[in-house]
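As structure tokens, the structure follows; a few thoughts come after it.
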Amino acid sequence: MSEQTTKRPIIFSGIQPSGSITLGNYIGAIRNFVLLEKDYDCLFCVVDLHALTTRRIPADLRRQTLELAALYIACGLDPKKNIIYCQSHVPEHAELAWILNCYTYMGELGRMTQFKDKSARHKDNINAGLFTYPTLMAADILLYQTNLVPVGADQKQHLELSRDIAERFNGLYSDTFVIPEPYIPKATAKVYSLTEPERKMSKSDAEDSYIALLDKPDAIRRKFRRAVTDSEANICFDPEHQPGVSNLLSILSALGEGSVQSLVEGFEGKGYGELKDRTAETVITKLQPIQAEFERLMKDKTYLAQVLKENAARAQAQARRTLRKVYKKVGLYQL
Ligand code: TRP
């Protein structure tokens with residue numbers, strides 16, 4: 001958040017430090033975030049507190065938190081122009097979450113489809129944090145007077161709830177929070193699973209179905225070689241009838257290899273093997289500089305820690321302002 005231009009719209013984005021980011025996340029979201037710093041004040045938060053709602057091996061969580069921050073930077077997000085930080089480094093997130101818990105109803109939280117899904121999948125660990133996950137997410141967003149939140153379909157319901165909570169609070173105590181809106185980016189290519197090309201590429205599916213940004217060239221080649229196509233033996237862009245082939249074409253196109261139409265023309269008379277190899281090599285080439293920068297950053301933990309510390313301090317200055325207002329409005333006696 002640059003000090004000289006204070007009135008730019010605020011964008012808040014949170015990503016859980018769980019496993020690697022996929023090529024789909026990169027093409028569909030992160031890559032475009034780089035363009036936002038021009039017009040918006042952006043916060044990119046590694047939501048490590050949210051990650052605790054499922055059991056994690058402590059050392060893994062710690063490593064993945066740092067890796068995600070490094071990956072953001074490696075993808076081109078400038079930590080001087082954006083605020084890239086860890087949720088747990090700014091205690092105001094947890095503090096506001098508690099307050100918001102007192103303004104959120106059990107019924108609202110119980111209706112959240114992610115809660116219902118996750119509690120069905122992890123019957124042995126239906127913890128209270130899983131239930132109140134959305135109020136922590138609301139706190140993330142509302143602390144910064146966020147105008148826009150880039151969310152996928154799975155997080156829309158949580159954003160709706162954040163809006164409801166903010167409106168409820170504003171109604172009770174006068175305007176306190178900006179009501180956040182979903183940020184819908186200009187049409188970006190959607191990347192589908194390599195093994196089930198009707199579904200979106202997702203890191204929660206089997207490993208062969210997605211490309212992780214940190215995948216080694218051999219893994220990338222292997223995954224594309226095994227990618228599901230069809231028996232048409234004809235390279236056409238027809239997502240309905242040839243979803244696998246179309247997915248490869250749109251990945252190529254999204255990575256700057258020309259329009260889908262021109263790719264189809266170029267591949268005339270060629271086989272799926274060639275299309276797969278070309279896609280794999282293109283992805284490898286595009287990811288190479290990101291991976292190199294990531295490696296470089298991970299070797300310089302002192303720099304990374306310094307960046308995260310400075311960025312947390314910048315975030316906290318904003319967060320504190322909102323939280324003080326909230327404490328005052330609800331009647332907490334403050335010194
Ligand atoms: N719940 C989001 C997810 O799983 C992550 C998240 C946490 C988030 N806090 C947020 C996203 C605030 C946007 C805004 O994807």
Side-chain angles (χ1 to χ4, degrees), residues 9-22 24-26 28-30 32-33 36 40-54 56 61 64-65 68-69 71-72 77 82-98 100-101 104 108-109 111-119 121-122 127 129-166 177-185 200-205 210 312 315 318-319 322:
I10 294 166
I11 291 189
F12 185 97
S13 166
I15 302 194
Q16 282 212 35
S18 52
S20 192
I21 294 180
T22 70
N25 301 138
Y26 178 68
I30 298 178
N32 310 303
F33 289 168
L36 297 175
Y40 303 92
D41 284 338
C42 300
L43 295 109
F44 297 104
C45 182
V46 180
V47 292
D48 51 355
L49 296 174
H50 276 112
L52 295 177
T53 55
T54 54
R56 302 291 296 270
L61 177 57
Q64 290 180 338
T65 297
L68 183 54
L71 205 48
Y72 268 143
L77 294 171
N82 302 285
I83 299 185
I84 298 172
Y85 75 109
C86 292
Q87 189 183 32
S88 68
H89 295 173
V90 180
E92 284 77 3
H93 287 254
E95 292 180 83
L96 182 61
W98 169 255
L100 298 183
N101 271 334
T104 307
E108 290 176 304
L109 294 172
R111 276 197 293 280
M112 294 293 117
T113 46
Q114 185 175 298
F115 172 70
K116 291 194 270 187
D117 287 352
K118 283 198 184 170
S119 43
R121 268 191 285 134
H122 306 276
N127 61 73
L130 203 58
F131 190 63
T132 59
Y133 181 113
T135 52
L136 178 58
M137 178 162 159
D140 298 341
I141 297 167
L142 301 178
L143 263 183
Y144 299 97
Q145 307 295 348
T146 301
N147 302 95
L148 297 164
V149 184
V151 280
D154 64 323
Q155 296 299 315
K156 265 223 152 119
Q157 198 184 26
H158 289 162
L159 181 59
E160 269 310 309
L161 181 61
S162 304
R163 290 168 54 90
D164 290 346
I165 298 170
F177 298 120
V178 167
I179 308 298
E181 308 268 348
Y183 173 75
I184 312 211
K200 211 177 108 178
M201 182 178 279
S202 163
K203 67 179 173 190
S204 19
D205 291 341
Y210 65 85
Q318 288 303 119
T322 302

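Atoms considered below: every heavy atom in the structure, side chains included; atoms not considered: hydrogens, waters and symmetry mates. Every number for a ligand or one of its atoms is a count from 1 in the order of the listing.
Distances shorter than 4.0 angstrom occur between a heavy atom of His50 and an atom of ligand 1.
Inter-residue side-chain proximity for Phe33 and Ser13 is flagged as met; some heavy-atom pair is nearer than 4.5 Å. Side-chain contact between Ile83 and Tyr144: absent, with no pair of heavy atoms (C-beta onward) separated by less than 4.5 Å. Here the side chains of Val46 and Tyr72 are in contact, with some heavy-atom distance below 4.5 Å.
Here is the list of ligand 1 atoms found below 4.0 Å of a heavy atom in Val149: 13 (C), 14 (C). Of all atoms in ligand 1, numbered sequentially from 1 with element shown, those under 4.0 Å from a heavy atom of Val47 are 7 (C), 9 (N).
Close N/O approach between Asp154 and ligand 1 is not found [any backbone or side-chain N/O within under 3.5 Å]. On a distance-only criterion, Asp140 and ligand 1 share at least one N/O pair closer than 3.5 Å. Any N or O atom pair closer than 3.5 Å counts here, and Tyr133 shares at least one such pair with ligand 1.
Residue-level proximity to ligand 1 for His158 is absent, since no heavy atom of it falls below 4.0 angstrom. At a heavy-atom cutoff of 4.0 Å, ligand 1 is contacted by no atom of Ile15, backbone or side chain.
Listed for the Asp41 side chain is no donor-acceptor partner under 3.5 Å among the backbone atoms of Ile10.
Protein heavy atom at the shortest distance from atom 6 (C) of ligand 1 is Gly14 O, 3.8 Å. Counting only heavy atoms of the protein, atom 12 (C) of ligand 1 lies nearest to Phe12 CE2, 3.5 Å.
Take Asp48 and apply the side chain to side chain contact (heavy atoms under 4.5 Å, CB included) test, not counting sequence neighbours, and it matches Pro17, Thr65, Cys86, Gln87, Ser88.
No option in Thr146, Asn147, Leu142 other than Asn147 meets the side chain to side chain contact (heavy atoms under 4.5 Å, CB included) test with Val178.
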Quiz: residues 158-166 side-chain donor-acceptor pairs under 3.5 angstrom, not counting sequence neighbours:
unit_1: His158; atom_1: ND1; unit_2: Gln155; atom_2: OE1; d: 2.9
unit_1: Ser162; atom_1: OG; unit_2: His158; atom_2: O; d: 3.0
unit_1: Arg163; atom_1: NH1; unit_2: Pro180; atom_2: O; d: 2.8

